[in-house]
Every structure is written in C-alpha cells, then in structure tokens.
Number of protein chains: 2
Amino acid sequence: MTAKNKAAVEKMQQTHRDWEEADYAGPCPVRDVLDRIGDRWSVMVVLRLSGGPIRFRALLRSVDGISQRMLTTTLRALERDGLVDRTVFDTRPPAVEYSLTPLGESLLDPLSLLAEWAMDHHEQILKARKNFDK
Amino acid sequence: MTAKNKAAVEKMQQTHRDWEEADYAGPCPVRDVLDRIGDRWSVMVVLRLSGGPIRFRALLRSVDGISQRMLTTTLRALERDGLVDRTVFDTRPPAVEYSLTPLGESLLDPLSLLAEWAMDHHEQILKARKNFDK
DNA sequence: CAGTATCCGGCTCGATACTG
DNA sequence: CAGTATCGAGCCGGATACTG
C-alpha cells in the first residue's frame, strides 16, 4: 500500500471512529455513500450518464436489464442526492433529459478507479472462487 | 474530469460494451465487484482488516451493528474471492485470525479514494437532499 | 415519451438458540 | 471462542397495467 493510501485509510478509520463516539444524527458518510451507490443500478446509470445528456427511453435501452420502474427510482435517488440533473422539455410528446451535475461528475473520479480495479483483478477473483469452491 | 479519469471511464464503458456483445458466461467485472463490495458490510470489514490481523470476536465488536451471522457470511464471501485470509490456531479455546491478502490490500487503493470522496462530499449531498425534499 | 400505480415473489438480513 | 441452524420479517425489485 502506498503512503497516500495509508493516509486515506487512516483518515477513513478516524472519521469512522469520530462518528461512533460523537453519536451524530446522520449516518456515517462512508456507509451513506455506499448505501447509495451500492444498489443494483446506480453505478451503471452514472456510467451511462458520463457520456453526456441522455433521455429516459435511451437510458432504458442502454442500461442492460433495468426495468422502467427501477430506472425511475434510481434516477430519482440520484437527483435527490444532487448527482443528476433532470431537464424537462415542454414538447409533444414530452422529452426529459438526464445529465450529471458537477457533483456527479466528481464521483466518476473514484468510480473509474474502482472500475479499473474490478477489470484488472476480475480474473484473479474468479480464479480464487473456483479454487475455494473445490 | 481529468484526462486520466476520462480514459478510465472510456475503458470501463468499452469493457461493458464488449461484455454485452460477446455474451460471456461470467458476469461483467464491474457488476460483479460491485455486487460483492456493495453489500451492507464488506467494505466496513475490509476497512477494519486494513489495521492488521484481527480475531473474529474483536471484529464483531469493532464493526458497529453487524450480527454474528452476517460477519461469518461476509468473511466467507471475502475469503472466497481471495480478498481475505483465514488462519486457525489450534488452541483451547480455538482462535481464528483474519487478515487481508495482497489482493485485498490492493482493493484499499480504490476504496480509500471512494471513502475520501464520501467524506469530502457528504455535506453537499445532505444539503441536496434537504433541498430536494422540500 | 415518460412516467405512476399496484401487486407480489424472493432474497437479504437480524434474532435466537445450539455446538465443538 | 468461533462458529452453524433455523425461522421469519422486511424490503428490494420485476411484471404488468394504466395516464398525461
């Protein structure tokens, strides 16, 4: 582990301890963010939105396997947290465009690193699983 | 977004497209890793383990709110994926130590960045929520 | 097109009790 | 101490039908 990571981990642990001791009303930030992006679809949606503004129906098609209901729910949650912007065009039929806010864009930073880790180590993980299962 | 991130995002998107087109047997790596660390406890456990080897009972105490069942389940899943090592000492009463494997250590890298993002932007998220709810 | 409404099956997870 | 076994509530999320 690099020195930079070590510092980050320590910061994270310290924050977690502080949260426990101080008995805050709100949730631990790490827990909170993890709960948000840890669901089945959020990351995939954010990923698609990183390509620029896109309409509801197009998103529905491009995020593989997602239902209409879950796309709506996911987008609403992301909008609520200030990660996504929703723009309604008053046309017939109605058009709605979704895009990342600057806050949402900033999330691409850690997310892309995580995705890279996933891609770089996926083989190793699959191997470990196969070995464990026998 | 920095050029480095842009490249990472594009790599992620490309990988995702490849996966869809190729109809692989296995899951998309990003989905797969997200499913694994996206659960309620994995990240918190990995975080605790970053402090060095620790025994089951100590982990149970230090990961706030986790049940015995979920700690066992979570540790087993992490072990299966090759992120965690389990060492049994043949004493009375028995002692078991858990620690991160090199692969697990490498996960601290993206995880710490994500945690930092969470801590740095939590306030902004809470504000966005409050504003959205009214 | 972009949603909302309703229904409901499955799976996660917590509580509790028990074992080597 | 370090687990496993069993049960059951809750909620996540899919399917389907309907609306402005």
Side-chain angles (χ1 to χ4, degrees), chain A residues 27-28 31-49 52-81 84-100 132-133, chain B residues 27-28 30-46 48-49 52-81 84-100 132-133:
Chain A
C28 161
R31 259 263 63 84
D32 201 29
V33 168
L34 251 39
D35 284 345
R36 196 67 275 310
I37 70 158
D39 66 22
R40 190 143 195 79
W41 301 111
S42 292
V43 170
M44 292 303 173
V45 169
V46 168
L47 174 54
R48 284 300 168 184
L49 290 175
I54 182 172
R55 290 174 55 179
F56 186 87
R57 181 68 33 177
L59 257 180
L60 192 59
R61 274 189 301 266
S62 74
V63 179
D64 185 52
I66 195 169
S67 68
Q68 192 169 22
R69 185 178 120 78
M70 285 319 294
L71 181 55
T72 303
T73 306
T74 302
L75 284 170
R76 221 53 96 218
L78 292 171
E79 192 192 354
R80 187 171 107 96
D81 283 2
V84 160
D85 256 344
R86 180 172 177 271
T87 311
V88 181
F89 297 93
D90 200 5
T91 55
R92 282 285 320 194
V96 179
E97 245 182 33
Y98 291 91
S99 59
L100 291 179
F132 184 90
D133 288 343
Chain B
C28 161
V30 179
R31 257 264 62 85
D32 200 30
V33 169
L34 251 39
D35 283 346
R36 197 67 275 308
I37 71 157
D39 66 21
R40 190 141 194 80
W41 300 112
S42 291
V43 171
M44 291 303 171
V45 169
V46 169
R48 283 301 168 184
L49 291 175
I54 180 172
R55 291 173 54 178
F56 186 86
R57 182 72 26 181
L59 257 180
L60 191 60
R61 274 190 299 264
S62 75
V63 178
D64 185 50
I66 196 170
S67 69
Q68 190 168 26
R69 186 179 120 79
M70 286 319 296
L71 181 55
T72 301
T73 307
T74 303
L75 284 170
R76 221 52 96 220
L78 291 171
E79 191 191 355
R80 186 171 108 98
D81 283 4
V84 160
D85 256 345
R86 180 171 177 272
T87 312
V88 182
F89 297 92
D90 201 6
T91 55
R92 281 286 322 196
V96 179
E97 245 182 31
Y98 291 93
S99 58
L100 292 179
F132 183 89
D133 289 342

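Protein chains get the first letters and strands the later ones, always in sequence-line order, with residue 1 at the start of each.
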**OP:** Could you go through the side chain to side chain contact (heavy atoms under 4.5 Å, CB included) check for F56(B) and L75(B) one step at a time?
**Re:** CA-CA 9 Å; F56(B) 186 86; L75(B) 284 170; 4.0 Å; yes
Original post:
Under a 4.5 Å cut-off applied to non-hydrogen side-chain atoms, are L71(A) and Q68(A) in contact?
Top reply: no
**OP:** Round to the nearest Å and state the distance from Q68(B) atom CD to dC1(D) atom P.
**Re:** 10 Å
Original post:
Once you round to the nearest 0.5 Å, how far does CG of L49(A) lie from CG of L78(A)?
Top reply: 7.5 Å
Subject >> Rounded interatomic separation in angstrom, taking CG from L59(B) and P from dG3(D) >> reply: 10 Å
**OP:** Determine the contact category for Y98(A): base if any of its heavy atoms lies under 4.0 Å from a base atom, sugar-phosphate if only primed atoms, P, OP1 or OP2 are that close, otherwise nothing.
**Re:** sugar-phosphate
Original post:
Closest to the M70(B) side chain: dG3(C), dG13(D), dC13(C)?
Top reply: dC13(C)
Subject >> Integer-rounded Å distance: dA2(C) P and F89(A) CZ >> reply: 11 Å
**OP:** Report the distance from atom CG of L71(A) to atom C1' of dT4(C), rounded to the nearest whole Å.
**Re:** 14 Å
Subject >> d(CG, D39(B); C1', dG14(C)) in whole Å >> reply: 15 Å
Original post:
Are any non-hydrogen side-chain atoms of V46(A) and I37(A) less than 4.5 angstrom apart?
Top reply: no
Subject >> salt bridge (Lys or Arg N to Asp or Glu O under 4.0 Å) against R76(A), all qualifying residues, sequence neighbours excluded >> reply: E79(A)
Original post:
Can a side chain N or O of R57(B) be found less than 4.0 Å away from OP1 or OP2 on dG3(D)?
Top reply: no
Subject >> 5'-most by nearest nucleotide on DNA chain D - I66(A) or P93(A) >> reply: I66(A)
Original post:
So do R36(A) and D81(A) actually touch side chain to side chain, heavy atoms under 4.5 Å?
Top reply: yes
**OP:** By nearest nucleotide on DNA chain C, pick out whichever of L75(A) and R69(A) is the more 5' one.
**Re:** L75(A)
Original post:
Could you state the CZ-P distance from R92(A) to dA2(C), rounded to the nearest angstrom?
Top reply: 12 Å
Original post:
R76(A) has a side chain; which of dG14(D), dA2(D), dT4(C) sits nearest to it?
Top reply: dT4(C)
Original post:
If we fit an axis to the first five pairs and another to the last five of the helix from dC1(C)-dG20(D) to dG20(C)-dC1(D), what angle do they make, to the nearest 10°?
Top reply: 40°
Subject >> Distance in angstrom units between R86(B) CZ and dC1(D) P, rounded >> reply: 16 Å
Original post:
Out of dT4(D), dG13(D), dC1(D), which nucleotide sits closest to the side chain of P94(B)?
Top reply: dC1(D)
Original post:
Between R31(B) and R40(A), is there a donor-acceptor pair closer than 3.5 Å when you use the side chain of the first and the backbone of the second?
Top reply: yes
Subject >> Interatomic distance where CZ belongs to R40(B) and P belongs to dC13(C) [whole Å] >> reply: 8 Å
